[in-house]
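Take a look at the structure set out below.
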Amino acid sequence: MSIVKINVLTVPTEQREVLEKRFASRAGTVESSDGFEWFELLRPVEGTDQYLVYTRWRDEAAFQAWMEGPMKAAHQGGQQGGPGQGGGEGGERPKPAASGSTVWSFEVVQQAAPKS
């Protein structure tokens with residue numbers, strides 16, 4: 001079964017729009033990665049300043065290959081590619097939108113979809 005990685009990003013209120021725009025501009029970055037299955041950026045509604053970045057992968061190896069390849073290259077190149085980061089002009093790296101980050105890992109042991 002698949003694995004799920006949830007990146008928990010602490011985002012101050014004044015940085016929410018910045019974070020969401022950066023993720024919108026990264027559209028397509030992870031979707032073509034081998035073993036990628038799903039992505040969602042979840043905005044907090046009440047009681048927290050933490051966004052959840054949900055990704056689902058075929059297996060741990062696929063996730064690690066993405067982390068060591070496209071994700072790492074995007075961050076080293078100053079381009080958008082991951083949580084709270086964005087591309088800057090002239091190779092400049094903008095300040096991260098998130099003030100903290102924690103990654104949670106899960107194995108999918110059961111799943112359900114709507115009946116067709």
Side-chain angles (χ1 to χ4, degrees):
M1 279 247 173
S2 303
I3 63 154
V4 169
K5 299 292 183 174
I6 299 174
N7 194 357
V8 183
L9 301 174
T10 302
V11 182
T13 303
E14 65 275 7
Q15 290 294 98
R16 285 180 165 203
E17 186 176 342
V18 171
L19 179 91
E20 291 179 22
K21 284 182 179 178
R22 288 181 183 171
F23 270 94
S25 72
R26 55 121 312 272
T29 305
V30 70
E31 287 88 332
S32 60
S33 296
D34 182 49
F36 169 79
E37 295 178 355
W38 197 260
F39 162 86
E40 290 178 326
L41 175 62
L42 306 175
R43 177 192 304 136
V45 176
E46 59 186 35
T48 186
D49 59 355
Q50 294 180 317
Y51 276 71
L52 301 180
V53 183
Y54 174 101
T55 57
R56 183 171 158 152
W57 300 86
R58 176 184 59 230
D59 52 31
E60 183 68 25
F63 173 73
Q64 290 302 324
W66 175 72
M67 287 290 292
E68 289 302 314
M71 172 77 160
K72 189 174 185 177
H75 279 86
Q76 288 176 344
Q79 300 171 3
Q80 173 56 39
Q85 300 299 319
E89 294 182 21
E92 229 176 83
R93 294 198 59 177
K95 178 183 172 192
S99 62
S101 173
T102 303
V103 176
W104 297 340
S105 300
F106 299 89
E107 291 179 334
V108 176
V109 293
Q110 291 184 25
Q111 61 186 16
K115 292 183 179 181
S116 305

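Please read these numbers as outputs of a predicted model, since none were measured by experiment.
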Under the side-chain hydrogen bond (donor to acceptor under 3.5 Å, both in side chains) test, which residues partner [X], sequence neighbours left out?
X: E40; value: W38
X: T55; value: W57
X: E20; value: R43, Y51

Worksheet item: Is there a path from F63 to I6 through hydrophobic residues (I, L, V, M, F, W, Y) whose side chains come within less than 4.5 Å of each other?
Response: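 Not linked; separate clusters.
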Worksheet item: Do V4 and L9 belong together in a cluster built from hydrophobic side chains that touch within less than 4.5 Å?
Response: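 Different clusters.
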Discussion item. Starting from V109 and following side-chain heavy-atom contacts under 4.5 Å between hydrophobic residues (I, L, V, M, F, W, Y), which residues can be reached?
Written reply: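 Its cluster partners, ordered by chain and number, are none at all.
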Discussion item. Which Ile, Leu, Val, Met, Phe, Trp or Tyr residues join V18 in one cluster when any pair of side-chain heavy atoms under 4.5 Å counts as a link?
Written reply: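 Taking Ile, Leu, Val, Met, Phe, Trp and Tyr as members, V18 stands alone, with no cluster partners.
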Worksheet item: Which residue pairs pass the salt bridge (charged side-chain N to carboxylate O under 4.0 Å, His left out) test with at least one member in residues 1-18, sequence neighbours excluded?
Response: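 Matches after skipping sequence neighbours: K5-E60, E17-K21.
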Practice prompt. Just grab all the salt bridge (charged side-chain N to carboxylate O under 4.0 Å, His left out) pairs involving residues 106-116, residues at least two apart or on different chains.
Written response: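 Output for this query is empty, none listed.
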Discussion item. I want to check something: taking the side chain as every heavy atom from C-beta on, are L52 and V8 in contact at a cut-off of under 4.5 Å?
Written reply: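 Yes. Closest side-chain heavy atoms under 4.5 Å.
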Practice prompt. State, to 0.1 Å, how close A97 and R22 come at their nearest heavy-atom pair, and which atoms those are.
Written response: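 Result for this residue pair: N-NH1, 3.3 Å.
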Worksheet item: Which atoms form the tightest heavy-atom contact between D49 and P44, and what is the distance?
Response: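 Reported closest heavy-atom pair: C-CG, 4.3 Å.
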Item to complete: Report the C-alpha separation of L41 and V53 in whole Å, then their side-chain angles, then the decisive distance to 0.1 Å, and conclude whether the side-chain contact (heavy atoms from CB on, under 4.5 Å) test is met.
Response: CA-CA 5 Å; L41 175 62; V53 183; 3.8 Å; yes
Practice prompt. Give the ring-plane orientation class for F106 versus W104, where under 30° counts as parallel, over 60° as perpendicular and anything between as tilted.
Written response: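 Correct class here is perpendicular.
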Practice prompt. Could you verify whether a donor N or O on one side chain and an acceptor N or O on the other, from S101 and N7, lie under 3.5 Å apart?
Written response: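 Yes, side-chain donor-acceptor contact under 3.5 Å.
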Worksheet item: How many angstroms lie between atom OG of S33 and atom CE of M67, to the nearest 0.5 angstrom?
Response: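 Here the interatomic distance stands at 11.5 Å.
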Practice prompt. Kindly write out the residues that satisfy side chain to side chain contact (heavy atoms under 4.5 Å, CB included) with Q111, not counting sequence neighbours, or none if the list is empty.
Written response: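 Scan of Q111 (side chain to side chain contact (heavy atoms under 4.5 Å, CB included), adjacent residues dropped) gives M1, R56, V108.
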Item to complete: Using salt bridge (Lys or Arg N to Asp or Glu O under 4.0 Å) as the criterion, list what pairs up with D59, not counting sequence neighbours.
Response: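 For D59, no residue satisfies salt bridge (Lys or Arg N to Asp or Glu O under 4.0 Å) once neighbours in sequence are set aside.
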